[in-house]
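Have a look at the structure below before the remarks.
What you see is a predicted model; the values in this text were computed from it and never measured.
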Amino acid sequence: MADSVSFDRIADRYDATRGGDERGRLVAEAVAPRLPGQRLLEIGVGTGLISHAFAERGRSVLGVDLSARMLAQARGRLPGRIVRADAAALPLRTATVDACLAVHVLHLVGDPDRVLAEVARVLRPGGRLAVVGAGQHAGRSDVTAVLRDLNEALRAERPRRDRPELLLPAAERCGLRLVEEFSFAREERETLTPAEACAQIESRVWSTLWDLSDRQWATIVEPAMAALRRLPDPNRPRPAGRGSHAMILRLVDAAGAPPQR
């Protein structure tokens, strides 16, 4: 079993590189109407960008994360509502939350099946889980074409653990049933220059770049950076808004969850 990934190394740059407060508002606008009740748990709460947007909508939010440095950033947004914990062992009583949110996190946990089982345990009957993962860049440009090719090459080397064909059978075993799949634009106004994209890759802003081998970096990443450097007008912004893919699952039978405790 792989280890879960901590974002300690990116905590000081996370908000600036992930869309800031606007990202939280866009996710909340798309997902909140699909989640019932008042008590919301976010696993992988990070700096609290998204949970804060839900709290502004009147939800009672609790966030958990592995990274102490990310939670230090979240403290101001969610005072008294964050805890350092592993999503595979949630410090919550059984059937105590109305909904759970997992945004760009299930590909980072060591044991997605165990995390889904824990989510099923803490959800009340009829509660819902929203899983939000990466989609394609909504903005079409020469920069995003290079980034799409890079992401596809990386996924071919290391398939993501949050693919629907893997997650949905595991969710079914925990009593979670798919209700809806949809896509939404997450950062419609985002732009990116070739120079900025290359700098982000070189500084390993994105977690997909953190543990690559020397061979993978040389054969996959360096050609992508070279392609970005060859693009004309390296400082001219291109549209680069991102899309997200979301799944809403409903707890209909907790029989597959671990025993109550």
Measure the [atom1]-[atom2] distance between [X] and [Y] for me, rounded to the nearest 0.5 Å.
X      : Y      : atom1 : atom2 : answer
Leu147 : Cys198 : CG    : SG    : 10.0 Å
His52  : Glu42  : NE2   : CD    : 12.5 Å
Leu41  : Glu118 : CG    : CD    : 10.0 Å
Cys100 : Leu90  : SG    : CG    : 7.5 Å
Thr193 : Leu228 : OG1   : CG    : 9.5 Å
Ser207 : Arg9   : OG    : CZ    : 9.5 Å

**OP:** Look at the side-chain heavy atoms of Ile, Leu, Val, Met, Phe, Trp and Tyr, link any pair under 4.5 Å apart, and say whether Leu249 and Leu166 land in one connected group.
**Re:** no
Original post:
Any link between Leu92 and Leu176 through a network of hydrophobic side chains (Ile, Leu, Val, Met, Phe, Trp, Tyr) touching at under 4.5 Å?
Top reply: yes
Subject >> Chi angles and distances behind the side chain to side chain contact (heavy atoms under 4.5 Å, CB included) call for Leu129, Ile248 >> reply: CA-CA 6 Å; Leu129 164 65; Ile248 306 295; over 6 Å; no
**OP:** Please test Tyr14 against Gln73 for side chain to side chain contact (heavy atoms under 4.5 Å, CB included), starting from the C-alpha separation and ending with a verdict.
**Re:** CA-CA 9 Å; Tyr14 184 87; Gln73 302 288 330; over 6 Å; no
Counterpart residues, side-chain hydrogen bond (donor to acceptor under 3.5 Å, both in side chains), relative to [X] (two or more places apart):
X      : value
Asp149 : none
Asp142 : Arg238
Arg124 : Asp98
Glu181 : His245

Do [X] and [Y] come within less than 4.5 Å of each other through their side chains, counting heavy atoms only?
X      : Y      : value
Leu101 : Val31  : yes
His104 : Ser244 : yes
Arg84  : Leu66  : no
Arg155 : His107 : no
Phe7   : Thr47  : no
Pro239 : Arg140 : no
Glu157 : Ile220 : yes

**OP:** Please name the residue in the list Leu167, Val105, Val119 that meets the side chain to side chain contact (heavy atoms under 4.5 Å, CB included) test with Val131.
**Re:** Leu167
Taking every non-hydrogen atom, the tightest pair across [X] and [Y]:
X      : Y      : result
Pro91  : Ala85  : CD-CB, 3.7 Å
Ala99  : Pro36  : CB-O, 3.9 Å
Ser4   : Gly110 : OG-N, 2.8 Å
Ala55  : Val61  : N-CG2, 3.9 Å
Pro194 : Pro234 : CD-O, 3.1 Å
Ala88  : Val115 : N-CG2, 3.9 Å

Original post:
So Val64 and Asp86, side chain to side chain contact (heavy atoms under 4.5 Å, CB included) or not? Walk me through it.
Top reply: CA-CA 7 Å; Val64 301; Asp86 190 332; over 6 Å; no
For [range], which residue pairs pass the salt bridge (Lys or Arg N to Asp or Glu O under 4.0 Å) check, not counting sequence neighbours?
range            : result
residues 198-209 : Glu202-Arg229
residues 24-35   : Arg34-Glu180
residues 51-76   : none

Got a sec, which residues hit salt bridge (charged side-chain N to carboxylate O under 4.0 Å, His left out) with [X], two or more places apart in sequence or on another chain?
X     : value
Asp8  : none
Arg13 : none
Asp12 : none

Original post:
Taking 4.0 angstrom as the limit, do Arg236 and Asp233 come out as a salt bridge?
Top reply: yes
Original post:
Are any of the side-chain nitrogens in Arg158 or Asp211 under 4.0 Å away from the carboxylate oxygens of its partner?
Top reply: yes
**OP:** Just jot down the ring pair (Phe, Tyr, Trp, His ring centres under 6.0 Å) partners of Trp217, sequence neighbours excluded, or say none.
**Re:** none
Original post:
By the rule that ILVMFWY residues connect when side-chain heavy atoms come within less than 4.5 angstrom, directly or transitively, which residues belong alongside Val45?
Top reply: Leu71, Leu78, Ile82
Original post:
Taking Ser51 for the side chain and Gly48 for the main chain, is one N or O donor matched with an acceptor at less than 3.5 Å?
Top reply: no
**OP:** For the pair Asp21 and Asp15, evaluate side chain to side chain contact (heavy atoms under 4.5 Å, CB included) and give the outcome as yes or no after the intermediate values.
**Re:** CA-CA 8 Å; Asp21 289 325; Asp15 288 2; 5.8 Å; no
Original post:
Do Thr94 and Arg121 have side-chain atoms, one donor and one acceptor, less than 3.5 Å apart?
Top reply: yes
